[in-house]
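Residue numbers begin at 1 in each chain, while the letters A, B, ... track the order of the sequences.
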Amino acid sequence: MQKPLVVKGTRDFSPQEMAKRNYIFDTIRQVYKLFGYKQIETPAMESLSTLMGKYGEEGDKLLFKILNSGDYLSGVTDDELTAKNALRMTRSISEKGLRYDLTVPFARYVVMHRNDITFPFKRYQIQPVWRADRPQKGRYREFFQCDADVVGSDSLMNEVELIQIIDEVFKRLQVRVCIKINNRKILSGIAEIIGEPDKIVDITVAIDKLDKIGLDKVNEELRAKGIADQAIEKLKPVLLLQGTNEQKLDTLRSTLASSEIGLKGVEEMEFILKKATLLHMNSDIDLDLTLARGLNYYTGAIIEVKALDVEIGSITGGGRYDNLTGIFGLPNVSGVGISFGADRIFDVLNQLNLYPDSSMQGTQVLFVNFGETEADYILPIISQFRQTGISAELYPEADKMKKQMSYANANTIPYVAIVGENEMRENKITLKDMLSGEQQSLSVTDSIKLFL
RNA sequence: GUAAUUGUAGCUCAGUUGGUUAGAGCGUCGGAUUGUGGUUCCGAAGGUCGCGGGUUCGAGCCCCGUCUUUUACCCCA
């Protein structure tokens, strides 16, 4: 016998878990629709030429590659076989891969359908993505992203709208969060001011770790990357930036006075923060310069959301990326988007037990089956229940009542309808409340009313 | 890719320096109870001790390999 297993980093979802997950997906979907975003889907697999080189060297390694169909070794030369160079070999034996995120397939979609799209185009997409990295806390190899993007509009109002969406979703899910916001242009300005404009990636990766490893370790890492002590010293006041968002902006404005791009970033940030104050948002919004998470394709705002009550890393991320479609031959289309990490939000809601009872509601009434005569009598009645929107089921076999009751219990069905000889004679239904154990004899219409 | 860590019944876990036939609780199924579940009582089923190799008279326990779990780093949702 073969032992059943799920693949590393993947999970099965039970009916109960699916009810919870759908509650999350439905909430996000409703809010997206409310703000005028339209849904699309793209295939699970994409051509490797679409995916490769979009996520950096590290990302290429984390792509799941799909072997070519048929004899995938037919195109491989003996030299390639003996060379044992995995990277080159991959190109010969695999031309498709599983999508790594939803943004790059979306960029491909926009370019391919540019003639059918009216810009600005607001789309949302809720689908799984796959990454071949090591699973650990809050990290899976198959997980769902819930993306919303706007392409073809440079207006910062889009950023404001996306922040509003984030606030609305977490308000509905009753999760307390902090929305962190930064701007790539400010980071560029900082790199410029300290005289290391080429090292912006190294700098941002290092300062991203500030709250995790502390200032000394960050400086150590910067030094290791070849950044001068002078520059590190100049960086210090920026890293230790304190106070309200307004105070931070003031400090930045004077520090970045000589950097054109830096000032542009400050200006953008100010616009977004000002508009956000008009929104009466539920969550705090916080200018955070240490927010520099990877994704080198962001060019403007960078957004990240952290749950306040659970330690789990970011549960939503996003930002502006100019010219993402450029690589596919459609230049000068700007995009900005966010992505809810449904699987992490699922973990958060599980830990805080934030699911409303209504989201877990399944069958409302189970009809006991006493045999064919009674079942025949029940069939039209149960149809009446369903037509009024009450989810009802008839137990499929005339098992012992104990077993049928246990079934209702195991499935947390709140009511059991008992219709046997007596009830048929009196044209009534005995309805048992499974929580209190009480039961009452009602006509069909009265029992339906009970649920409405 | 680097470094730890876990694996025994469906689930959670015991299992003594290496020594007879590997245990418990929960769950499942059956019965007490042929029109009443969630309580109680009785009973039963369920195991290649992750897998492969080695040491030993003898391995769940020791050694090697491999897979797996969880976690840190890298990177990321």
Side-chain angles (χ1 to χ4, degrees), chain A residues 1-11 14 24 28 55-63 86 99-103 126-147 201 204-206 208-209 212-213 217 221 291-296 298 303-307 311-319 337-348 366-371 374 395 398-424 430-439 441:
Chain A
M1 189 197 67
Q2 169 190 353
K3 203 168 195 163
L5 280 175
V6 285
V7 168
K8 185 206 279 273
T10 67
R11 300 146 294 162
S14 66
I24 296 170
I28 294 170
Y55 312 103
E57 208 177 312
E58 202 69 31
D60 284 353
K61 277 193 240 162
L62 297 181
L63 283 170
R99 75 166 99 78
Y100 179 90
D101 70 1
L102 300 178
T103 310
I126 298 177
Q127 289 188 273
V129 303
W130 293 271
R131 296 184 189 178
D133 63 358
R134 294 259 169 117
Q136 48 184 276
K137 194 176 185 63
R139 298 177 69 168
Y140 309 97
R141 294 174 109 179
E142 177 184 62
F143 61 98
F144 272 77
Q145 289 191 332
C146 312
D147 278 28
V201 173
T204 54
V205 166
D208 179 42
K209 297 177 192 161
K212 211 169 182 178
I213 60 177
K217 287 271 172 88
E221 189 163 329
L291 165 59
R293 247 338 124 81
L295 293 191
N296 293 318
Y298 287 142
I303 303 164
E304 193 171 297
V305 179
K306 288 218 155 150
E311 196 64 43
I312 195 167
S314 102
I315 52 178
T316 294
I338 51 168
S339 179
F340 288 92
D343 297 85
R344 283 190 182 174
I345 295 172
F346 176 65
D347 290 346
V348 169
L366 174 77
F367 281 80
V368 173
N369 189 334
F370 286 110
E374 291 86 348
Y395 194 87
D399 277 338
K400 283 183 188 161
M401 202 143 164
K402 178 190 168 86
K403 184 151 189 206
Q404 303 195 36
M405 287 287 183
S406 302
Y407 174 85
N409 229 36
N411 289 289
T412 56
I413 297 172
Y415 288 93
V416 169
I418 299 164
V419 183
E421 261 178 72
N422 305 340
E423 286 82 0
M424 282 164 69
T430 299
L431 210 57
K432 182 182 173 100
D433 181 333
M434 291 300 277
L435 224 71
S436 65
E438 287 165 17
Q439 50 190 61
S441 182

Identify whether any heavy atom of [X] sits under 4.0 Å from a base atom; if not, whether one sits that close to sugar-phosphate; answer base, sugar-phosphate or nothing.
X      : value
A:K432 : base
A:G56  : nothing
A:S406 : sugar-phosphate
A:F144 : nothing

Base [N] to side chain [X], donor-acceptor N/O within 3.5 Å cut-off:
X      : N     : result
A:Q439 : B:U36 : yes
A:Q404 : B:G35 : no
A:R139 : B:C75 : yes
A:N409 : B:G37 : yes
A:R134 : B:U2  : yes

Between [N] and [M], how far apart are the two [atom1] atoms, rounded to whole Å?
N     : M     : atom1 : answer
B:G46 : B:A24 : C1'   : 15 Å
B:A3  : B:A14 : C1'   : 30 Å
B:G50 : B:U70 : C1'   : 16 Å
B:G65 : B:U6  : P     : 16 Å

A:D399 and A:Y407: side-chain donor and acceptor closer than 3.5 Å?
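No donor-acceptor contact under 3.5 Å links the two side chains.
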
For RNA chain B, what are the stems built from at least three Watson-Crick or G-U pairs in a row, each pair having both distances below 3.5 Å?
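Runs of three or more consecutive pairs: B:1-4 with B:70-73, B:10-13 with B:23-26, B:28-32 with B:40-44, B:50-54 with B:62-66.
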
Selection from B:U71, B:C76, B:G35 that lies nearest to any side-chain heavy atom of A:E423
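Of the candidates, B:G35 comes closest.
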
Donor-acceptor contacts, no H, no angles, side chain residues 128-137 of chain A, under 3.5 Å, sequence neighbours left out:
| from | atom 1 | to | atom 2 | distance (Å) |
| --- | --- | --- | --- | --- |
| A:W130 | NE1 | A:E142 | OE2 | 2.9 |
| A:R131 | NE | A:Y100 | O | 3.0 |
| A:R131 | NH2 | A:Y100 | O | 3.2 |
| A:D133 | OD2 | A:R139 | NH2 | 2.7 |

Indicate the atoms forming the closest heavy-atom contact of A:E304 with A:S314, along with that distance.
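For A:E304 and A:S314, the tightest heavy-atom pair comes out as CG-CB, 3.3 Å.
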
Under 4.0 Å between a side-chain N/O of A:K8 and OP1 or OP2 of B:U70, yes or no?
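Answer is no, no contact under 4.0 Å.
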
